[in-house]
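Below: one structure, written as structure tokens.
Keep in mind the model is a prediction, meaning the values are calculated, not measured.
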Amino acid sequence: MAVNETVKYGIIGVGMMGREHLINLHHLRTQGVVVVCIADPHLPSQQLALELAQSFDWPLKVFSGHQELLDSGLCDVVVVSSPNMTHYQILMDILNHPKPHHVLVEKPLCTTVADCRKVVNAARKRPDMLVQVGLEYRYMPPVAKLIEIVKGGTLGQVKMVAIREHRFPFLVKVNNWNRFNSNTGGTLVEKCCHFFDLMRLFAGANPVRMMASGAMDVNHKDEIYDGKVPDIIDNAYVIVEFDNGARGMLDLCMFAEGSKNEQEISVVGHTGKGEAFVPESIVRFGSRMEGRDGVQTLKAENRLIKYEGLHHGSSYLEHLNFLSAIRVKGAKTPAVDLNDGLISVAMGVAAQLSIQKGRFVNIEEVLDEHNC
């Protein structure tokens, strides 16, 4: 694709996150980006997206189904931001379509490891298409700065990664689809695939086994949908052991609105320690040699960000990076590939299984083709 050629986008699923993508892409309009079509069976979501696009002076073709959008041939790139349980079929339809479309798919890649594997296998047959998974937390400025510090060797060999997310409950989504494990894959897949992805990145390794404890203790207990009470957990502790000897720990609480920071990340190597705080956007790092007095504090910023949005500018940077990969296709692979998407889901599934079984779960148990 020529560097100055306009890249035409279609968005499948224009609920809250789909509209967030629409706004981010509008902020990339000077980079030769335009959204030309959307697909969503939910009329109120269609209407809200249309109103947004009209305010941007972007005429949109509206489809009720993703297949019609693909068949229209209107776009080069598709953003998949529909509910989790729809990802698998939509991705397979995109990958099997005669016209190639590059794809940015929201996390999680799919809700099960088996479906993720089928998508990975289908994508191997389409070298004419780039597929990136929306694990954008790595682009948040304080997280990106901590990744840079870790990869630069400042902390030595990483031994421990601890991530705390203390936040508000899950938001209300279209038809309350996110209240049930069967739709989301479970909280540790839906929400925490972000953090498992970051742990792999910091540790520079793959998971071997996982242990988790969690429950639905506070949120959603008084809600009923079609006669059913939600079953998504709202808090958990998860321990991860990696193949290079590093360990990870996740501390999740979704009834912790009284928190200064939503995410706190600590990475400890054999010679130093680094921390990142979101949304304060602070990074701290120090060495064992210099001790407490030598700890440095930085305010993390990225001047490329033109729109902060719901995720502190990370979605904007994600789109910027994906656009660059599309323009130089063949010379650059997506920053977050399908294997990253698969492993982050497998880690969430293993953690959910550990809670259910009350024991350590080897990652091979969930990755094993025969069990999928």
For A123, is there any backbone N or O sitting under 3.5 Å from a side-chain donor or acceptor partner on R126? no

Worked check of side-chain hydrogen bond (donor to acceptor under 3.5 Å, both in side chains) between H220 and D231: CA-CA 8 Å; H220 316 304; D231 59 358; over 6 Å; no

Starting at CD of Q263, measure out to CG of L198 and round the result to the nearest 0.5 Å. 9.0 Å

Working to the nearest 0.5 angstrom, can you tell me the gap between M254 CE and E165 CD? 6.5 Å

Does one hydrophobic cluster hold both I282 and V268, with members joined at side-chain heavy-atom distances below 4.5 Å? no

Side-chain donor-acceptor contact under 3.5 Å, H166 with N261: no

Which of these, V158, V161, V238, I265, sits in a side-chain contact (heavy atoms from CB on, under 4.5 Å) with M199? V161

The test is side-chain contact (heavy atoms from CB on, under 4.5 Å); show your working for K159 and R247 and say whether it passes. CA-CA 6 Å; K159 297 295 181 185; R247 287 183 184 82; over 6 Å; no

What's the shortest heavy-atom distance between A300 and V283, and which atoms? CB-CG2, 4.1 Å

Can you tell if the side chain of K173 reaches within under 4.5 Å of the side chain of M16, non-hydrogen atoms only? yes

What heavy-atom pair brings K107 and C193 nearest, and what distance separates the two atoms? CD-SG, 3.6 Å

Would you check if there is a donor-acceptor pair between the side chains of H21 and E106 at a distance under 3.5 Å? yes

On the 0 to 90° scale, with breaks at 30° and 60°, tag the Y225-F180 ring pair as parallel, tilted or perpendicular. perpendicular

Transitively linked via ILVMFWY side-chain contacts under 4.5 Å: L298 with F277? no

Using a 4.5 Å cut-off on heavy atoms from C-beta on, say whether the side chain of F170 contacts that of K191. yes

N96 side-chain N/O to M92 backbone N/O, donor-acceptor pair under 3.5 Å: yes

Looking at S354 and A212, would you say the former's side chain and the latter's main chain have a donor-acceptor pair under 3.5 Å? yes

Only counting residues at least two apart or in another chain, list the ones meeting ring pair (Phe, Tyr, Trp, His ring centres under 6.0 Å) with H87. none

Should L22 and Y9 be marked as a side-chain contact (heavy atoms from CB on, under 4.5 Å) after you check the CA-CA gap, both sets of side-chain angles, and the distance that decides it? CA-CA 9 Å; L22 181 59; Y9 283 71; over 6 Å; no

CG/L69 to NE2/H97 distance, rounded to the nearest 0.5 angstrom? 9.0 Å

Closest heavy-atom contact between H101 and C75? CD2-O, 3.3 Å

Quick one: salt bridge (Lys or Arg N to Asp or Glu O under 4.0 Å) pairs with a partner in residues 203-228, sequence neighbours left out? R179-E223, R209-E241

Assess whether side-chain contact (heavy atoms from CB on, under 4.5 Å) is satisfied between Y237 and L252, documenting all intermediate values. CA-CA 6 Å; Y237 289 120; L252 173 74; over 6 Å; no

Side-chain donor/acceptor of D234 to backbone N/O of N219, under 3.5 Å: yes

Can you confirm whether K61 is buried at NZ, in the sense that more than 12 heavy atoms of other residues, nucleotides or ligands lie under 6.0 Å from that atom? no

Establish, from distance only, whether the side-chain atoms of S45 and H42 form a donor-acceptor pair under 3.5 Å. yes

Proximity of Y137 and F195 rings by center, below 6.0 Å: yes

Are any of the side-chain heavy atoms of T184 and T111 separated by less than 4.5 Å? no

Say you draw a straight line from CG of L155 to CG of L146; how long is it, rounded to the nearest 0.5 Å? 7.0 Å

Please step through salt bridge (charged side-chain N to carboxylate O under 4.0 Å, His left out) for the pair E5 and R327, ending with a clear verdict. CA-CA 9 Å; E5 196 178 329; R327 290 205 190 278; over 6 Å; no

If hydrophobic clusters are built by linking Ile, Leu, Val, Met, Phe, Trp and Tyr wherever their side-chain heavy atoms come under 4.5 Å apart, do I239 and V366 end up in the same one? no

To check you understand the geometry: which heavy-atom pair defines the closest contact between N244 and G204, and what is its length? ND2-O, 4.2 Å

Quick one, E365 with R359, criterion salt bridge (charged side-chain N to carboxylate O under 4.0 Å, His left out). Give me CA distance, side-chain angles, the key distance, then yes/no. CA-CA 12 Å; E365 287 183 56; R359 62 168 173 83; 3.1 Å; yes

Validation row: I163, M249 side chains within 4.5 angstrom (heavy atoms): no

Nearest heavy-atom pair of R200 and N339: which atoms, and what distance? NH2-ND2, 4.1 Å

For S82 against I90, the heavy-atom pair lying closest together: OG-CD1, 3.3 Å

Sub-4.5 Å side-chain heavy-atom contact between F168 and E262: yes

Quick check against the 3.5 Å criterion: does N178 have a side-chain atom that pairs as donor or acceptor with the backbone of L171? yes

Does any N or O in the side chain of N183 come within less than 3.5 Å of the main-chain N or O of W177, such that one atom is a donor and the other an acceptor? yes

Is there a donor in the side chain of Q132 and an acceptor in the side chain of D337, or the other way round, less than 3.5 Å apart? no

Side chain of H270, backbone of Q157: donor and acceptor closer than 3.5 Å? yes

Joint hydrophobic cluster, V77 plus L74, side-chain heavy atoms closer than 4.5 Å: yes

Enclosure of K151 NZ (heavy-atom neighbours >12, cutoff 6.0 Å): yes

Could you tell me whether the side chain of S315 reaches within less than 4.5 Å of the side chain of M17, counting heavy atoms only? yes

Between D93 and H66, do the side chains contain an N or O donor and an N or O acceptor separated by less than 3.5 Å? yes

Main-chain N/O of E364 paired to N362 side chain as donor or acceptor, under 3.5 Å: no

What's the spacing between L50 CG and W58 CH2 if we round to 0.5 Å? 13.5 Å

Is the closest side-chain heavy-atom distance between V113 and L367 below 4.5 Å? yes

For the residue pair S64 / E68, report whether a side-chain donor-acceptor contact shorter than 3.5 Å exists. yes

Do P279 and H312 make a side-chain contact, defined as non-hydrogen atoms from C-beta onward lying under 4.5 Å apart? yes

Could you go through V133 and D340, starting from their C-alpha distance and side-chain angles, then the distance that decides it, and tell me whether this counts as side-chain contact (heavy atoms from CB on, under 4.5 Å)? CA-CA 8 Å; V133 182; D340 294 321; 5.9 Å; no

Gap between atom CD1 of I23 and atom CG of L310 - 0.5 Å precision: 7.5 Å

Could you tell me whether the side chain of T187 and the main chain of I233 form a donor-acceptor pair under 3.5 Å? yes

Strictly distance-based, threshold 3.5 Å: is any side-chain N or O of D76 a donor or acceptor partner for the main-chain N or O of K8? yes

Hydrophobic clusters here meaning ILVMFWY residues chained together by side-chain heavy-atom distances under 4.5 Å, can you tell me if F285 and V295 are in one? no

